[in-house]
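Keep in mind the model is a prediction, meaning the values are calculated, not measured.
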Amino acid sequence: EKIKEGLTTSQGHITLNRTTVGRLLLKNTEYRLVETNAPSGYELTAISFIIDEYGTVNNVHTISGYSGSVSAEGSTITVVDEKIDLSIDKQDFDTKTTITNRGNAQFTVTGEFVDGTTSKTVTSDNMSALTGQIIAGHTYTMEETKAPEGYELAAKFTFKVDQYGMINHINGKKVAPIQDSDYVGSDHDQFIVRDKPITIQLEKQDLEGHAIETDNSYAIFKVSGTFA
């Protein structure tokens with residue numbers, strides 16, 4: 001049964017008593033406190049607790065399915081919200097495996113951030129510039145500006161994150177399991193971004209611009225330079 005809704009103060013405090021709740025709190029009864037709107041940049045949390053006959057909070061814990069941590073001392077409960085924190089799994093488009101030992105990919109993310117800025121730069125192994133900066137429900141654009149060595153840049157895409165810190169929209173569509181033909185997808189709070197290996201095709205032509213077709217001979221080339 002939902003008893004009461006309330007707002008925290010600017011210092012993040014809320015008091016539960018007969019005045020604010022509208023009822024007496026019962027001893028040895030489980031109560032749940034569910035956050036329905038987290039501060040910008042943070043994930044929702046929810047806790048459960050019991051009050052004993054002396055007004056002391058016991059058996060306090062985070063409810064399964066929610067993030068954050070909670071502790072209690074006497075009649076005071078301290079709840080710590082987790083910041084929205086995202087990561088990237090950079091994959092080879094053909095093999096669908098994580099790209100390693102090819103250098104980090106670099107991305108520019110644009111949109112409205114908690115600190116008032118509108119653009120941030122991150123890499124595939126360090127997304128800390130976005131931690132606590134993403135506002136749930138807002139649309140952001142991510143563009144790869146530097147690909148791992150030997151790979152093409154992936155196309156830019158848009159995304160949204162919900163109040164649980166999960167990526168829930170990509171390119172305006174609700175997130176679904178990533179398919180083999182997709183270059184971008186997500187797994188909870190992790191992006192899956194796939195780059196295609198750089199591929200070059202060579203066509204032999206005659207002086208009139210016609211393709212040289214033969215069944216019995218072929219040209220041989222030696223390729224030199226630095227490879228990934």
Side-chain angles (χ1 to χ4, degrees), residues 1-52 55-89 109 111-115 120 122 126-140 142 158-170 172-178 184-192:
E1 177 189 5
K2 182 174 73 173
I3 298 177
K4 187 72 174 180
E5 292 183 348
L7 298 174
T8 56
T9 66
S10 58
Q11 289 77 39
H13 299 158
I14 189 169
T15 300
L16 303 179
N17 56 29
R18 179 167 57 183
T19 301
T20 58
V21 175
R23 303 183 188 182
L24 288 172
L25 298 175
L26 300 176
K27 63 182 180 181
N28 299 320
T29 300
E30 180 185 12
Y31 291 95
R32 292 190 170 197
L33 189 62
V34 179
E35 189 174 33
T36 56
N37 187 61
S40 294
Y42 289 86
E43 300 176 14
L44 293 174
T45 191
I47 66 169
S48 173
F49 61 93
I50 293 175
I51 304 172
D52 67 16
T56 300
V57 175
N58 292 302
N59 299 326
V60 60
H61 61 273
T62 303
I63 295 173
S64 177
Y66 288 87
S67 64
S69 60
V70 61
S71 60
E73 182 175 352
S75 61
T76 299
I77 302 172
T78 301
V79 181
V80 179
D81 282 358
E82 285 192 10
K83 294 180 179 180
I84 294 175
D85 188 23
L86 306 176
S87 63
I88 296 178
D89 180 14
V109 184
E112 181 184 354
F113 299 102
V114 173
D115 61 8
K120 294 189 180 295
V122 298
N126 187 352
M127 298 275 285
S128 61
L130 294 183
T131 302
Q133 292 297 319
I134 296 293
I135 303 174
H138 283 221
T139 299
Y140 296 88
M142 181 177 288
T158 63
F159 69 91
K160 289 183 180 182
V161 176
D162 65 21
Q163 284 198 299
Y164 300 95
M166 301 293 107
I167 303 160
N168 64 348
H169 284 80
I170 291 180
K173 297 181 180 179
K174 288 186 177 180
V175 167
I178 189 168
V184 63
S186 69
D187 183 11
H188 300 294
D189 58 356
Q190 183 179 60
F191 294 104
I192 300 171

Are any side-chain N or O atoms of Gln133 and backbone N or O atoms of Asp115, one a donor and one an acceptor, separated by less than 3.5 Å?
yes

Under a 3.5 Å distance rule, please check whether Thr131 uses its side chain to pair with a backbone N or O of Ala129 as donor and acceptor.
no

Among Ile134, Val175, Asp187, Asp162, the one residue meeting side-chain contact (heavy atoms from CB on, under 4.5 Å) with Ile167:
Val175

Side chains of Tyr31 and Val57, heavy atoms from C-beta outward: is any pair under 4.5 Å?
no

Under 3.5 Å donor-acceptor, Ser40 side chain and Val114 backbone:
no

Side chains of Ile88 and Met142 in contact at under 4.5 Å (non-hydrogen atoms):
yes

Rounded distance (nearest 0.5 Å) linking atom CG of Asp89 with atom OG of Ser186
11.5 Å

What's the separation between atom OG1 in Thr29 and atom CD1 in Ile50, rounded to the nearest 0.5 Å?
8.0 Å

Shortest non-hydrogen contact from Ala136 to Gln163?
CB-CG, 3.6 Å

Kindly determine whether Tyr164 and Asp189 satisfy side-chain contact (heavy atoms from CB on, under 4.5 Å), including the steps that lead there.
CA-CA 9 Å; Tyr164 300 95; Asp189 58 356; over 6 Å; no

Do Val70 and Phe49 come within less than 4.5 Å of each other through their side chains, counting heavy atoms only?
no

Identify every side-chain donor-acceptor pair in residues 75-82 under 3.5 Å, counting partners at least two apart or on other chains, and give the distances.
none

Let's go through His169 and Lys174 carefully: what are the C-alpha distance in whole Å and the side-chain angles of both, what is the deciding distance for side-chain contact (heavy atoms from CB on, under 4.5 Å) to 0.1 Å, and is it a yes or a no?
CA-CA 4 Å; His169 284 80; Lys174 288 186 177 180; 3.5 Å; yes

Just verifying a value: how many Å separate Leu130 CG and Tyr140 OH, rounded to the nearest 0.5 Å?
8.5 Å

Nearest heavy-atom pair of Arg32 and Ile63: which atoms, and what distance?
CD-CD1, 3.7 Å

Does atom CD of Glu73 have more than 12 heavy-atom neighbours from other groups under 6.0 Å away?
no

Look at the side chain of Tyr66 and the backbone N and O of Glu43, then say whether any donor-acceptor pair between them is shorter than 3.5 Å.
no

Over 12 foreign heavy atoms within 6.0 Å of NE2, His188
no

Distance (rounded to the nearest 0.5 Å) between Lys173 NZ and Asn168 CG
15.0 Å

Looking at Glu35 and Leu44, would you say the former's side chain and the latter's main chain have a donor-acceptor pair under 3.5 Å?
no

Taken in chain and number order and not counting sequence neighbours, the residues that satisfy side-chain contact (heavy atoms from CB on, under 4.5 Å) with Ile178 are Asp182, Ile192, Arg194

Hey, could you give me the CE/CG distance between Met127 and Asp85, rounded to the nearest 0.5 Å?
8.5 Å

Mind checking what makes side chain to side chain donor-acceptor pair (under 3.5 Å) contact with Asn28, not counting sequence neighbours?
none

Over all atoms of both residues, closest heavy-atom pair of Ala38 and Tyr42
CB-O, 3.5 Å

